[in-house]
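Chain letters run A, B, ... following the sequence lines, proteins first and then strands; every chain starts at 1.
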2 protein chains.
Amino acid sequence: MTGTDHSSDASTDGVLAALADPTRRRLLDLLADGGEATATALAERLPVSRQAVVKHLAVLAAAGLVVGGRVGREVRYSVRPEALNATAQWMAALASDWDRRLAAVKRAAEAAAPEADRG
Amino acid sequence: MTGTDHSSDASTDGVLAALADPTRRRLLDLLADGGEATATALAERLPVSRQAVVKHLAVLAAAGLVVGGRVGREVRYSVRPEALNATAQWMAALASDWDRRLAAVKRAAEAAAPEADRG
DNA sequence: TTCATGTGCAACCCGAGTGTTGCACATTCA
DNA sequence: TGAATGTGCAACACTCGGGTTGCACATGAA
């Protein structure tokens, strides 16, 4: 029962699912590079239709990775680092947790049998 | 052209895809907690069949997140932190990259129009 | 050898996600 | 006002991932 459950984290869940798709990562890259862009403009730089881009942006927005604001008749999207930062930290914590446990297991094994059994 | 393409990273790609699924995250948690386990044992602690677990473990192994070794007639899986660490760092780098760009954009905007246009 | 346990492989089902197209609505500009 | 541009919504097709079941094969124990 050393368990700290990392498997179900409401906010990171959406971020991980969003980042799993290559097209969405590409969108994030374009947005991070350009600072701001509309779905129509982004679609011109990708091999998919505008509607596909819109759907991807909706997923990214739901995950908190981007935010879109209306300016006149267009909707400009931009990147939002907070959610990504949070997930990066979650991941780093998980990794160090694994390291901790593995080190503990290794120590236990060595303590139980230094080189062979010793009576 | 400030672009540093984070969107297509061969190794992180698999890790992100692997982590996108809740059942796989749960598996990783069980493995990190128990240190080592077989697919059959893991299936008993999850609401899915052994075969489903086997498939998930294959995905995790392909991503480098777990490794399985045969011991007699059973295959024991354990967690491997390296790939996770690498992806966590990739993600942190991406996040700080976003921060950098956004800060630059903000400075540029403020420099261009301190409070209003000034001729 | 016989039985139990654990794994491997294959076929199959099903839902969700990705992508498309078509059209209606909104906004800007001539 | 009308034309151009951009967005929103809906229906549809298709693939793929997650899950299941069934059975064959391998290994350890009695």
query: When the distance from CD of A:Glu74 to P of D:dA4 is rounded to whole Å, what number comes out?
result: 19 Å

- prompt: Under 4.0 Å between a Lys/Arg side-chain N and an Asp/Glu carboxylate O for A:Asp29 and A:Arg25?
  reply: no

- request: Tell me whether the OP1 or OP2 atom of C:dT18 has a side-chain N or O from A:Arg24 closer than 4.0 Å.
  value: yes

- prompt: Are the side chain of A:Arg24 and the backbone of A:Ala18 linked by a donor-acceptor contact shorter than 3.5 Å?
  reply: yes

- line: Taken in chain and number order and not counting sequence neighbours, the residues that satisfy side chain to side chain donor-acceptor pair (under 3.5 Å) with A:Ser11 are A:Asp9

field: Under 3.5 Å donor-acceptor pair, B:Arg73 side-chain atoms to C:dT5 base atoms
entry: yes

- request: Whole angstrom is fine here: how far is it from CG in A:Leu27 over to P in C:dT18?
  value: 12 Å

N/O to N/O distances under 3.5 Å, protein versus nucleotides 19-24 of chain D:
unit_1	atom_1	unit_2	atom_2	d
D:dG19	OP2	B:His56	NE2	2.3
D:dG19	N7	B:Lys55	NZ	3.0
D:dG19	O6	B:Lys55	NZ	2.7
D:dT20	OP2	B:Ser49	N	2.6
D:dT20	OP2	B:Ser49	OG	2.7
D:dT20	O4	B:Lys55	NZ	3.4

task: To the nearest Å, give me how far apart CG (A:Leu16) and C1' (D:dG17) are.
output: 17 Å

query: Out of curiosity, does A:Leu65 fall in the hydrophobic cluster containing A:Val59 (side-chain heavy atoms, cut-off under 4.5 Å, transitive links)?
result: no

statement: Rounded to whole Å, CG of A:Leu60 lies from C1' of C:dG17 at a distance of 14 Å

- line: Heavy atoms of B:Leu16 and A:Leu19 approach each other most closely as CD1-O, 3.8 Å

query: Are A:Val54 and A:Leu60 co-members of a hydrophobic cluster defined by side-chain heavy atoms under 4.5 Å apart?
result: no

field: Whole-Å gap separating C1' (C:dT7) and CD (B:Glu44)
entry: 14 Å

- request: Send over the distance from B:Arg76 CZ to C:dT5 C1', rounded to a whole Å.
  value: 14 Å

- prompt: Rounding to a whole Å, what distance do you find between B:Arg25:CZ and D:dG18:C1'?
  reply: 15 Å

